[in-house]
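Residue numbers start at 1 and run along the sequence shown.
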Amino acid sequence: RWVLSLQCKGSRNFMSALRRAVEVDFKDKDKHKSQGLYLLTTGIPDQETHTISAYVAEVCRGFDLQLHVCLFSVMEDVDSNAIIPARYANPTETAIAFKEIVQAANGRFHWFGEAGIFESDDISVILSEMEKANNYSQK
């Protein structure tokens with residue numbers, strides 16, 4: 001089941017978007033076998049990571065919900081006409097923050113950009129399984 005897309009309209013107010021998704025889309029949670037949210041983002045949320053992690057952990061337990069994050073790192077300069085976010089972090093700091101949030105939500109983290117895939121929980125699991133299979137076949 002796909003949920004509606006939430007836009008933060010020029011900001012990265014993650015808490016507001018998550019509250020709206022949970023209140024609107026998951027009130028009929030008993031009708032669905034599994035539910036998850038996918039956050040597609042290019043930067044760090046406006047709120048502090050520890051605040052989001054605590055909220056996400058509580059919400060995900062209450063709704064048997066997983067939050068998955070797809071972080072797309074854009075390599076472009078910010079010009080004087082661009083909207084400057086309330087909170088800034090470089091791509092590595094952003095990835096670390098989202099990994100913490102995803103861990104609290106029992107979800108998966110994927111980080112990619114114009115240069116390709118930087119990190120992906122799914123790909124890491126697949127590579128691990130392939131290494132195990134290779135080791136077993138050599139034995």
Side-chain angles (χ1 to χ4, degrees):
R1 175 178 177 266
W2 289 92
V3 297
L4 70 123
S5 169
L6 299 174
Q7 297 179 354
C8 296
K9 297 184 182 185
S11 75
R12 294 190 180 122
N13 191 340
F14 176 80
M15 293 288 282
S16 175
L18 182 61
R19 280 189 194 114
R20 182 165 177 230
V22 170
E23 291 170 7
V24 172
D25 293 330
F26 295 103
K27 60 185 173 189
D28 295 326
K29 65 180 177 159
D30 296 333
K31 295 179 183 178
H32 310 287
K33 290 183 182 177
S34 63
Q35 296 181 335
L37 288 173
Y38 284 83
L39 172 65
L40 309 175
T41 186
T42 59
I44 197 157
D46 290 346
Q47 295 83 15
E48 294 293 326
T49 303
H50 62 86
T51 303
I52 294 172
S53 293
Y55 180 75
V56 163
E58 181 181 331
V59 167
C60 289
R61 275 193 305 272
F63 284 104
D64 192 23
L65 172 71
Q66 293 180 326
L67 171 69
H68 310 289
V69 173
C70 298
L71 173 62
F72 183 75
S73 291
V74 180
M75 305 301 178
E76 62 183 40
D77 295 330
V78 176
D79 63 19
S80 60
N81 296 328
I83 297 171
I84 299 172
R87 187 168 169 230
Y88 174 79
N90 68 39
T92 302
E93 293 167 337
T94 301
I96 291 168
F98 277 119
K99 283 196 279 189
E100 180 182 322
I101 292 166
V102 163
Q103 186 176 26
N106 198 27
R108 297 185 321 268
F109 175 71
H110 310 286
W111 179 22
F112 60 100
E114 296 160 341
I117 299 169
F118 300 120
E119 184 176 340
S120 170
D121 289 344
D122 291 347
I123 291 174
S124 296
V125 168
I126 291 168
L127 289 174
S128 174
E129 290 297 319
M130 290 170 61
E131 287 176 13
K132 286 180 191 176
N134 186 36
N135 289 339
Y136 286 130
S137 70
Q138 289 179 5
K139 289 179 183 178

Is there a path of hydrophobic side-chain contacts, each under 4.5 Å between heavy atoms, that joins Phe118 and Val69? yes

Report the distance from atom [atom1] of [X] to atom [atom2] of [Y], rounding to the nearest 0.5 Å.
{"X": "Asn134", "Y": "Lys139", "atom1": "CG", "atom2": "NZ", "result": "11.0 Å"}
{"X": "Gln66", "Y": "Leu37", "atom1": "CD", "atom2": "CG", "result": "10.5 Å"}
{"X": "Asn13", "Y": "Arg19", "atom1": "CG", "atom2": "CZ", "result": "8.0 Å"}
{"X": "Gln47", "Y": "Ser53", "atom1": "CD", "atom2": "OG", "result": "11.5 Å"}
{"X": "Ile96", "Y": "Asn90", "atom1": "CD1", "atom2": "CG", "result": "8.0 Å"}

What closest approach, in Å, do [X] and [Y] show between heavy atoms, and which atom pair accounts for it?
{"X": "His68", "Y": "Arg108", "value": "ND1-N, 3.0 Å"}
{"X": "Pro91", "Y": "Trp111", "value": "O-CZ2, 3.8 Å"}
{"X": "Ser120", "Y": "Ile117", "value": "CB-CG2, 4.1 Å"}
{"X": "Val56", "Y": "Ile101", "value": "CG1-O, 4.0 Å"}
{"X": "Phe14", "Y": "Leu67", "value": "CZ-CD2, 3.7 Å"}
{"X": "Pro45", "Y": "Phe98", "value": "CD-CZ, 3.4 Å"}

Is the backbone of Phe109 close enough, under 3.5 Å, to the side chain of Asp121 for a donor and an acceptor to pair up by distance? yes

Should we count CD of Glu119 as having more than 12 external heavy atoms under 6.0 Å? yes

Heavy-atom side-chain contact between Ile44 and Glu93 under 4.5 Å: no

Sub-6.0 Å ring centroid separation between Phe112 and Phe72: yes

